[in-house]
Structure formats: C-alpha cells, structure tokens
Amino acid sequence: MRHLFCTEGEDALQAVMRLKPLLAFDFDGTLAPIVERPDDAHVPEAVSSSLMRLSELLPVAVITGRSVADVKPRLGFHPRYIVGNHGAEDPTLGPPSSASQALDAIRQRIELRADGLGRCGIEVEDKQFSIALHYRRAPDAGAALVCIEDLLQGTEPVKRFGGKFVVNVMAVGLPDKGDALATLVRREGAGGAVFVGDDVNDEAVFMRATPHWLTVRVGRDDPLSRAMFFLDSDKELVQVLERMLSLAVAS
Ligand SMILES: O=P(O)(O)OC[C@H]1O[C@H](O[C@H]2O[C@H](CO)[C@@H](O)[C@H](O)[C@H]2O)[C@H](O)[C@@H](O)[C@@H]1O
C-alpha cells in the first residue's frame, strides 16, 4: 500500500476523476475523527464544506456502519446517497426483511444482563439491523471482550466482526459495504468510484474494487488491508477533497 500523496497516487486520482466517478466515504474515522463517545462524532466544517462543493459536481455517498437516521444530522452537507448499517440499510431499497428480528434473542440477553454489561464498561448501540457492543471506555478491554463473548455464546448464528473497540453483530446474508457501493455505482451509471474508509467493515469495499475504483484507507495500522492507497490520518482528507475539486472543475 502506498501513500496517496505520491506520483502513482496522483496519477490514479487523475485517472479515476476523468471517469466522473461516484465519490463514497465511510463516516467514523474518515469523515469524522474518532472520539470517545459515538454520540459526539461529527464532520469538521472544513471537510463538510469541501464535500458540499464536490456534491454539486459529482454524486457523493456516505456508506457507514451507523444507522442512516443517526448519521444524517452529523454530516453538515447533503450527500446524494446514505447507506447505513455496514451496507445493509439502503433507504431506496426498503428495510431488509427479518434482519432486525434476527437480533431479538441478543436484545433479550442484553436486557437481562444490563447491569453486568454496564459493570464491564460495555455500551450498546442498537441500530435496528445491527448492534454495536462498544468497549472503548471499558476499564479493562480484555475483560470486556470476555463479557461480550459470554453474552453471544449459544445465540442464533449471526455475522460478527470487529472494529475500533467494538464488536458488531448483524443477521447473516445482508449486503456489506462492497455490495452497497457496487449497487450505487450501477444505480448512478457512474464510470467509476472513489472510496475512502478506515475500518474492518471497509475492507469489503477494498476487496471488491474493480479497475475503475480507487480505494484509500485512512491509517496504515492494518498491513493486510486490501486498499490501494493510504492516508496517514483523517486530517489529510481535506487535501484530498480539495484536489478532487480541482480535478472535477478542470474536467
Ligand atoms: O462505518 P463507520 O462509519 O466507520 O462506522 C463504524 C462504527 O463507528 C462508530 O463507532 C466507532 O466510532 C466511535 C466514534 O468515534 C468510537 O467511539 C467507537 O469506539 C468506534 O467503534 C459507531 O458508533 C458505530 O455504530 C459504527 O458501526
């Protein structure tokens, strides 16, 4: 993986921008800096202002692990598309059938064990089609993971994956972020796509990339990432957006 700000990165960006691509972004850790409490996350003004201008020139999408309703007021701009719940919640396709009920048994357990989970420092974010079990603020991350393991032990099979101090659970067989982006590119009839993300759930996009997609990972902490290029931190995003703007205006 190379830094996007190198000659190959600039060439790749110029090439994809000539295709009039769909521009898609992950939310937490990409558009919004990571913060202690999920409820405090929002897009910095410099980023939302660049995105507002970009979205007048090209279709822009946010594809997030959050629910659509949760992320919308945090953006500060109006993307053409928002897909939530790790790719499973596409408002134009309607709610995924039985995806929420598949988590009911886990919800019941969470309710029964609320005190124990609280003592472990686990915070539950129920997003209807997926549940995030956060342990960022747990006093002992190892103990919190044991507590989560115990909670999920013996429940119906669900898709389970990690992230940044979080364990995510959702029904099996739902679209992931890679599926979501492919659907949006088709729907938009875009010639290509740019996707920027930072987390485990974004690898589904990185893995699925076609030669007409440019994929960028924020952070180089995962040497196994399948992204084509990386940025050192979300602070470099504004520079990328401004470069996209110049290229979009020029073409
Ligand atoms: O796909 P994303 O848009 O990156 O969403 C992934 C999850 O992000 C949020 O949790 C993460 O960010 C929080 C705020 O910075 C942080 O406190 C937490 O530790 C991170 O795991 C969000 O709360 C989840 O719902 C998303 O699935």
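Order of appearance sets the numbers: ligands from 1, and atoms from 1 within every ligand.
Shown in contact with Asn201 at under 4.0 Å from a heavy atom are these atoms of ligand 1, numbered in order with element: 1 (O). Near Phe27, the atoms of ligand 1 lying under 4.0 angstrom from a non-hydrogen atom of the residue are 3 (O). Remark: ligand 1 atoms within the under-4.0 Å shell around heavy atoms of Gly65 are 1 (O), 2 (P), 3 (O), 5 (O), 26 (C), 27 (O). Which parts of ligand 1 touch His86 is read off a 4.0 Å heavy-atom cut-off, strictly below it: atoms 27 (O). Close approach of ligand 1 to Pro38 is summarised as follows: ligand atoms under 4.0 Å from at least one heavy atom of the residue are 14 (C), 17 (O), 23 (O).
Asp90 has a carboxylate O that lies under 4.0 Å from a charged side-chain N of Arg187, or vice versa, which qualifies the two as a salt bridge. Asp202 has no carboxylate O lying under 4.0 Å from a charged side-chain N of Arg217, or vice versa, which leaves the two without a salt bridge.
When heavy-atom distances to ligand 1 are checked against a 4.0 Å cut-off, Val166 comes that close only through its side chain, counted from C-beta outward. Contact annotation for Lys127 and ligand 1: only side-chain heavy atoms (C-beta onward) come within less than 4.0 Å of the ligand. When heavy-atom distances to ligand 1 are checked against a 4.0 Å cut-off, Asp70 has no atom that comes that close, whether in backbone or side chain.
Among residues two or more places apart in sequence or in another chain, the side-chain contact (heavy atoms from CB on, under 4.5 Å) test is passed with Leu247 by Leu13, Gln14, Met17, Arg243.
Atom 15 (O) of ligand 1 has its closest protein heavy atom at Val35 N, 2.8 Å. Ranking the protein heavy atoms by distance from atom 4 (O) of ligand 1 puts Asp26 OD1, 2.5 Å first. When hydrogens are left out, the protein atom nearest atom 7 (C) of ligand 1 is Asp28 OD2, 3.9 Å; that is the closest non-hydrogen contact. Among all protein heavy atoms, the one lying closest to atom 3 (O) of ligand 1 is Thr64 OG1, 2.7 Å. Shortest contact from atom 19 (O) of ligand 1 to any protein heavy atom: Arg136 NE, 2.6 Å.
In summary, of the residues considered (Val196, Asp232, Asp26), a side-chain contact (heavy atoms from CB on, under 4.5 Å) with Val218 occurs for Val196 alone.
Residue nearest to atom 22 (C) of ligand 1, selected from Glu125, Arg74, Met170: Glu125 (by heavy-atom distance). Here the shortest heavy-atom distance to atom 10 (O) of ligand 1, taken over His134, Lys164, Glu36, Lys177, belongs to His134.
Counting only N and O atoms by type, the side chains of Glu242 and Ser50 include a donor and acceptor under 3.5 Å apart.
No N or O atom of Ile34 sits closer than 3.5 Å to an N or O atom of ligand 1.
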Does the pair Met170 and Phe161 meet the rule for a side-chain contact (heavy atoms from CB on, under 4.5 Å), with working shown? CA-CA 9 Å; Met170 62 196 302; Phe161 52 98; 3.8 Å; yes

Decide yes or no on side-chain contact (heavy atoms from CB on, under 4.5 Å) for Gln128 and Glu89, but give the supporting numbers first. CA-CA 10 Å; Gln128 193 178 1; Glu89 185 192 0; 5.8 Å; no

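Of the possible donor and acceptor atoms, one in the side chain of His3 sits under 3.5 Å from a partner among the backbone N and O of Phe5. Using a distance-only test at 3.5 Å, with no hydrogens or angles considered, no donor-acceptor pair links the side chain of Glu36 to the main chain of Arg137. No donor-acceptor distance shorter than 3.5 angstrom exists from the side chain of Lys127 to the backbone of Ala132, with no hydrogens or angles considered.
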